Amino acid sequence: MATIQPVKGTRDFYPEDLAFRRWLYEHIRTVSESHGYQEFDGPFIERLELYAAKSSEELVKEQSFVFADRGGDMVALRPELTLSLARMVAQRSKSLPQPIRWWSFGPFWRYERPQKGRSREFFQWNIDLVGVESPQADAEIASIGAAFFRAVGLGPRIIRILVNDRRLAERQLEQAGIPARLWPGVFKLIDRRDKLSAAAWSAYALETGLDAGQLSSLQHILEDTEAWRTSPEMVAFFAAAEALGSSEYLAYDPTVIRGLDYYTGTVFEARDTAGEHRAILGGGRYDNLVADVGGERLPGTGFAMGDVVLGLVLASAAALPTLRTSPSVVLVTNFDTTTQQASLILCQTLRAGGLQAEWYPEPGRIPRQLKYADRLGIPVAAILGPDEVQAGKLTLKHLPSGRQITCTQAEAVLRIQELIGH
RNA sequence: GUGGCUGUGGCUCAAUGGUAGAGCGCCACACUGUGGAUGUGGACGUUGCGGGUUCGAGCCCCGUCAGCCACCCCA
């Protein structure tokens with residue numbers, strides 16, 4: 001029978017895949033909560049107008065799953081969370097205690113061609129600090145990213161968080177005599193710098209409307225790795241990061257600009273230092289966003305990290321965890337029809353004792369049952385054959401060590417806990 | 001949306017236009033009450049789909065679908 005194809009760009013989460021996602025979620029939760037952030041979530045569908053002209057024109061027009069609901073309203077599967085967050089904050093800006101520290105982990109959808117590190121349905125960690133304008137708030141957010149990388153075993157030699165500030169960049173462009181109307185094009189130009197050859201990039205720059213002098217100034221700006229010292233915000237940012245212990249992950253990079261239109265200040269992205277993968281996370285300061293969705297003006301800062309690229313980076317760094325997919329710590333064998341009843345009772349006793357226990361659901365050869373336990377990584381097999389039933393005992397086999405003991409049923413829970421080292 | 005590459009057992013891949021194979025995995029047995037190791041044997045295929053060329057197509061041609069990769073954009 002031909003199987004029906006899954007929807008393009010979606011992923012199936014088999015137990016081992018879900019185990020990884022859960023592992024990720026647990027690290028994200030731990031790091032977020034250790035900084036006092038509260039978990040929240042928004043709806044998976046929003047009205048299209050929430051996104052229109054506030055994130056990026058292409059993101060909304062070309063890369064969102066958009067459809068009319070039965071009432072004729074245009075809605076979108078959420079392509080990002082920040083606007084839902086802004087909307088939720090705007091709705092309760094008078095009553096929510098501020099500053100607001102919120103995090104979330106959930107699914108997002110973008111209608112684009114799937115490729116390496118990019119799928120149409122992906123999971124994303126969002127973390128935001130709203131109501132604070134200080135560079136220290138930006139430093140806290142970036143440092144949470146660093147703390148996460150440290151927690152999952154990705155050290156500063158593998159990951160770097162590259163930081164810039166749009167306010168600084170705009171000042172530099174102004175000083176270079178580049179008129180403000182060219183800035184959007186110039187930002188795009190900066191973004192493309194490492195994708196084009198030097199000659200092609202220069203040609204593209206002239207097309208953007210820069211003259212030779214402005215281009216030369218721009219090149220100086222992009223090579224000046226000390227320019228952050230002229231920015232009070234950047235200086236304060238790096239000082240706070242130092243205190244937060246994340247300095248070794250952070251570096252000023254004048255070529256980082258970020259594509260989303262709503263960023264107003266600090267911007268940053270995490271990359272693997274080998275340059276093998278896409279950006280792992282991206283974020284920055286968005287001081288007008290809450291006002292843009294109808295609230296009072298509230299500054300905010302935050303980032304988003306997708307699960308797909310992170311998985312690739314972990315794989316490259318040989319840092320993927322090995323995870324058990326079966327929750328069972330003990331398999332109760334099903335020797336034959338004469339012992340079935342006793343096996344079921346034993347299994348239920350083990351559960352009552354707090355152990356995750358499963359029962360082989362049909363009588364069968366013991367080798368087969370042990371092999372099953374072995375393949376699932378179940379550490380203990382409780383063997384209950386006619387001999388054991390008659391003696392009122394049972395045999396416990398610890399599969400990783402091959403050790404085997406005999407005990408009474410009353411002792412079983414304790415003995416199993418000893419075997420698995422609890 | 002544009003371009004490139006690739007579709008063959010469950011997986012990874014072979015097969016000068018001439019009999020569809022291997023390794024891994026799976027199953028059985030050796031070992032009928034002990035998994036992993038070893039050996040022996042076994043099952044599993046309309047070669048993505050549709051058409052064309054040919055005496056003959058997994059291979060060549062056209063179409064189509066899917067996957068991957070790059071561009072675009074971005075997590």
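Everything numeric here is computed off the predicted structure, so don't read it as measured data.
Comparing the P positions of B/A66 and B/A75 gives a spacing of 27 Å, expressed to the nearest Å. Taking atom C1' in both B/G23 and B/G9, one finds a spacing of 13 Å when rounded to whole Å. As rounded to the nearest Å, B/G10 and B/U38 have P atoms that lie 25 Å from one another. Across the C1' atoms, B/G63 and B/C55 are found 26 Å apart, a figure rounded to whole Å. For the P atom pair drawn from B/C60 and B/U16, the interatomic distance equals 11 Å after rounding to whole Å. Here the separation of B/G48 from B/G7, taken at their P atoms, is 8 Å to the nearest Å. One P atom belongs to B/C5, the other to B/U46, and the distance between them is 28 Å to the nearest Å. A gap of 11 Å separates the P atoms of B/G39 and B/G25, to the nearest Å.
Using cut-offs of 30° and 60° on the angle between ring planes, the pair A/Phe123 and A/Phe13 is perpendicular. Ring geometry for A/Phe20 against A/Trp23 counts as parallel: the plane angle stays under 30°, on a 0 to 90° scale with 60° as the upper cut. In this structure, A/Trp125 and A/Phe148 have tilted ring planes: the angle between them lies in the 30° to 60° band.
Comparing B/C73, B/G33, B/U34 by their nearest atom to the side chain of A/Leu370 picks out B/U34. Of the candidates B/U34, B/C72, B/A75, B/U34 carries the atom nearest the A/Ile383 side chain, counting heavy atoms from C-beta on. Comparing B/C73, B/G33, B/A75 by their closest approach to the side chain of A/Ala279 singles out B/A75. Between B/A75, B/G35, B/G33, one nucleotide has an atom nearer to the side chain of A/Phe335 than all others, and that is B/G33. Of the candidate nucleotides B/A75, B/A70, B/G33, B/A75 has the atom lying nearest to any side-chain atom of A/Ala304. With B/A75, B/G33, B/G35 as the candidates, the nucleotide lying closest to the side chain of A/Pro386 is B/G33.
As judged by a 4.0 angstrom heavy-atom cut-off over every strand, A/Lys397 is placed among the base-contacting residues. Counting any heavy atom pair closer than 4.0 Å across all strands shown, A/Pro400 reaches a base atom. Nucleic acid contact class of A/Ile280 (heavy atoms, under 4.0 Å, all strands): sugar-phosphate only. Among the atoms of the strands shown, only primed sugar atoms or phosphate atoms (P, OP1, OP2) are found under 4.0 Å from some heavy atom of A/Leu281. Base engagement by A/Asp387 is indicated by at least one non-hydrogen atom pair under 4.0 Å involving a base atom. Among the protein residues, A/Thr82 comes within range of no part of the nucleic acid, since none of its heavy atoms lies under 4.0 Å from any strand.
Within a 6.0 Å radius of CD in A/Glu223, other residues, nucleotides and ligands contribute more than 12 heavy atoms. By the 6.0 Å contact criterion, CZ on A/Arg375 is open, its count of non-hydrogen atoms from other residues, nucleotides or ligands being 12 or less. In this structure, A/Arg47 places its CZ atom where only 12 or fewer heavy-atom neighbours from other residues, nucleotides or ligands lie under 6.0 Å away. Shown here is A/Tyr111, whose OH atom has no more than 12 heavy atoms of other residues, nucleotides or ligands within 6.0 Å.
Pair check for B/G21 finds B/C13; Watson-Crick or G-U wobble, both atom distances under 3.5 Å. When both distances must be under 3.5 Å, the Watson-Crick or G-U wobble mate of B/A28 is B/U40. Of the nucleotides present, none pairs with B/G35 by Watson-Crick or G-U wobble criteria with both distances under 3.5 Å. Remark: B/U8 base-pairs with no nucleotide in the shown strands. Criterion, Watson-Crick or G-U wobble with two distances under 3.5 Å. In this entry B/C73 has no Watson-Crick or G-U wobble partner, no candidate having both defining distances under 3.5 Å. Searching all strands for a Watson-Crick or G-U wobble partner of B/G58 with both distances below 3.5 Å returns nothing. Base pairing annotation: B/G45 forms no Watson-Crick or G-U wobble pair, as no partner gives both donor-acceptor distances under 3.5 Å.
B/U32 atom C1' lies 12 Å from atom CD1 of A/Ile366, rounded to whole Å. The nearest whole Å value for the distance from the CD atom in A/Gln115 to the P atom in B/C73 is 12 Å. A straight line from NZ of A/Lys8 to P of B/C68 spans 8 Å, rounded to a whole angstrom.
A donor and an acceptor atom never sit less than 3.5 Å apart when one is taken from the side chain of A/Gln369 and the other from the base of B/U34. Judged by atom type and distance alone, A/Arg278 does not reach the base of B/A75 through any side-chain donor-acceptor pair under 3.5 Å. One N or O donor and one acceptor, one from the side chain of A/Glu112 and one from the base of B/A75, sit under 3.5 Å apart. In the interface, the side chain of A/Glu388 is paired with the base of B/G33 through a donor and an acceptor atom under 3.5 Å apart.
Remark: ring of A/Phe108 not stacked against base of B/A75; the cut-offs of centroid gap under 5.5 Å and plane tilt under 30° are not jointly satisfied.
Nearer the 5' end of RNA chain B, as judged by each residue's closest nucleotide, is the contact made by A/Arg403, out of A/Arg192 and A/Arg403.
Taking the centre of each ring, A/Trp228 and A/Phe237 stay at or above the 6.0 Å mark.
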Check nucleotides 26-30 of chain B against the protein and report each pair of N or O atoms closer than 3.5 Å, with its distance, or say if there are none.
{"from": "B/C27", "atom 1": "OP2", "to": "A/Lys371", "atom 2": "NZ", "distance (Å)": "3.3"}
{"from": "B/A28", "atom 1": "OP1", "to": "A/Arg368", "atom 2": "NH1", "distance (Å)": "3.1"}

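Salt bridge annotation for A/Arg285-A/Glu133: absent, with no cationic side-chain nitrogen under 4.0 angstrom from a carboxylate oxygen.
Under a cutoff of 6.0 Å and an axis angle of 45°, A/Arg166 and A/Phe187 form a cation-pi pair.
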